[in-house]
Protein chains: 2
Amino acid sequence: MTITMPAPRESILDAAERLFARQGYAGTTIKQIGGDAGVNSALLYYYFADKEALYREVLTRLISGLAAEGKRRMRGARDPREAIRALVEGQVEMLLARPHLPKLLVRELVDHQAMHAQGIITEHMAGLFSAVCDLIRAGQRAGIFRTELEPRYAAISTIAQVVYFFLARPAIGLLMGQGPAVPPDETMREFGRHAAGFALAALAAHPNEAAPIDTGNP
Amino acid sequence: MTITMPAPRESILDAAERLFARQGYAGTTIKQIGGDAGVNSALLYYYFADKEALYREVLTRLISGLAAEGKRRMRGARDPREAIRALVEGQVEMLLARPHLPKLLVRELVDHQAMHAQGIITEHMAGLFSAVCDLIRAGQRAGIFRTELEPRYAAISTIAQVVYFFLARPAIGLLMGQGPAVPPDETMREFGRHAAGFALAALAAHPNEAAPIDTGNP
DNA sequence: GTCTATAGGTGGATAGAC
DNA sequence: GTCTATCCACCTATAGAC
């Protein structure tokens, strides 16, 4: 029986993704990545020009397809309400499937002067963001959503909840009085259902048309 | 006329705060901080034990009094609705007054394994968070807020909006189609007013005062 | 392709003059 | 208190053997 050896290029990218997310760009060393990937650190320079090229590659691999997936999830819905719910709950699934994404994205935002991946992010994200705005505008035209809301602000309020929850994930247990353990995936989904309901209630023009609220509490 | 020389200890803390927020802990060097503060880098070791002690000092200086101010702002209000509005709009003022706070806080969250200031943050923030939860519970008991909402989740949704907006501030201009310029303070306040209204609409038991309570199950 | 060895530079921290 | 000079560890990146 032989153990299948993973392609070194992929092992390097995997290790780099993990470490950059955990420790940041400056806090991660080439030797650490090599060690974690099970290869000699000099090999990284065979596959990538330098540390920053590797970092950019990590980000593009992670982000590409993300915005596309987000839009696809919204497209399936029949009306704006359903689309909002699909969007918010989809956020949770996408972030669960890419555990390092929120940290890396936020580091990029916060390090914006470094801007290792300026273009990559803004290109992909701006598209998704304006799709959410259009969705809210459509709901407003249909009389389902309140027209007093500025669509772009409402889009931000809607998106913020899940992102914030994932960011704060390590601290959430402490805040919610459940000890230092990191909340399990099911808690993240439960919050996603709450967040969708919260946004829909805030958007709703008429209370009775608000989608059912799932508190997540059995 | 003599120019008042700032106390070097304060200059060092100011420069460190700026640089740690911009570049992160690992990305900032002692020599950079010294240079930015206008003193020799060796002097940092006269005032602070080491780099990490300096970092902790920066965080405590920034955070101390923050939770207290948050609670004070809420206490002035007469009912839960007013308190929520005071809280959210107060968030904006507090973050405007401490421009480096959001970045530093999020870095801490994201670097939680490093946890330079674990205690400092969780102690201060957990208190504020549970005050928000109590506020929402009070509104629910008074029949003003929907009881289907899990108070802790609702607190997170309420708080998330402004924090996210500040974090994304450098990218907000691009997302909102207003070019690369960083949004002015007035835009931040405008969003604060929106966010308070968004949260209140989501929390409200009967938006029209006369409307029956939505059971959430059509 | 993958490794060893190492160059060249920089970072945190200290010793000690003034 | 504040500076100069410097040590040592470690980091990125390259040269070159296999």
Side-chain angles (χ1 to χ4, degrees), chain A residues 2-61 104 107-108 110-111 113-117, chain B residues 2-61 104 107-108 111 113-118:
Chain A
T2 57
I3 300 171
T4 344
M5 263 305 177
R9 192 169 191 281
E10 297 309 307
S11 315
I12 292 169
L13 281 169
D14 290 343
E17 180 180 312
R18 214 167 26 241
L19 291 167
F20 282 142
R22 257 204 286 257
Q23 311 173 343
Y25 179 79
T28 302
T29 72
I30 294 287
K31 292 186 186 173
Q32 254 181 324
I33 298 173
D36 238 53
V39 301
N40 190 283
S41 65
L43 191 60
L44 305 215
Y45 292 94
Y46 176 76
Y47 288 105
F48 306 95
D50 56 12
K51 190 182 175 185
E52 211 174 301
L54 169 58
Y55 184 66
R56 266 195 298 269
E57 184 73 21
V58 165
L59 282 178
T60 34
R61 193 181 66 150
L104 282 168
R107 283 191 196 279
E108 269 305 296
V110 161
D111 289 347
Q113 56 144 27
M115 279 292 195
H116 302 281
Chain B
T2 56
I3 301 173
T4 345
M5 262 306 177
R9 192 170 191 281
E10 297 308 307
S11 315
I12 292 168
L13 281 169
D14 290 343
E17 180 179 313
R18 214 168 26 242
L19 290 167
F20 283 141
R22 258 205 285 260
Q23 311 174 344
Y25 179 78
T28 301
T29 73
I30 294 287
K31 293 182 189 176
Q32 251 183 325
I33 298 173
D36 238 53
V39 301
N40 190 284
S41 66
L43 191 60
L44 303 215
Y45 291 93
Y46 176 76
Y47 289 105
F48 305 96
D50 56 11
K51 189 183 175 184
E52 211 174 300
L54 168 59
Y55 184 68
R56 267 194 297 269
E57 184 74 22
V58 165
L59 282 179
T60 33
R61 193 181 65 151
L104 282 168
R107 283 192 194 279
E108 268 306 295
D111 291 348
Q113 58 145 25
M115 279 291 196
H116 303 281
Q118 190 176 19

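Below, chains carry the letters A, B, ... as their sequence lines are ordered, and counting in each starts from 1.
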Check whether any side-chain heavy atom of K51(B) sits under 4.5 Å from a side-chain heavy atom of I33(B), and report yes or no. no
Quick one: does L13(A)'s side chain get under 4.5 Å of F48(A)'s, heavy atoms only? yes
Got F20(A) and L59(A) here, is their nearest side-chain heavy-atom distance under 4.5 Å? no
Tell me whether R56(A) is salt-bridged to D50(A), with the criterion being a basic N under 4.0 Å from an acidic carboxylate O. no
L19(B) and T29(B): CA distance, side-chain angles, deciding distance, side chain to side chain contact (heavy atoms under 4.5 Å, CB included) verdict: CA-CA 9 Å; L19(B) 290 167; T29(B) 73; over 6 Å; no
Among dG1(D), dT4(D), dG1(C), which is the nearest nucleotide to the side chain of L43(A)? dG1(C)
Rounded to whole Å, please give me the gap between OH in Y46(A) and P in dG1(C). 4 Å
Just by protein heavy atoms under 4.0 Å, how would nucleotides 11-18 of chain C read 5' to 3' in B, S and -? SBBB----
Distance test, side-chain N/O of Y47(A) to OP1/OP2 of dG1(C), below 4.0 Å: no
Whole angstroms only, please: what is the CG-P distance between N40(A) and dT14(D)? 15 Å
Please list residues of residues 11-19 of chain B whose heavy atoms come under 4.0 Å from any atom in DNA chain D, ordered by number; otherwise none. none
Test side chain to side chain contact (heavy atoms under 4.5 Å, CB included) applied to T28(B) and Y55(B), step by step: CA-CA 11 Å; T28(B) 301; Y55(B) 184 68; over 6 Å; no
When you look at V39(A) and R9(A), which way does the side chain to side chain contact (heavy atoms under 4.5 Å, CB included) test go after all the steps? CA-CA 10 Å; V39(A) 301; R9(A) 192 169 191 281; over 6 Å; no
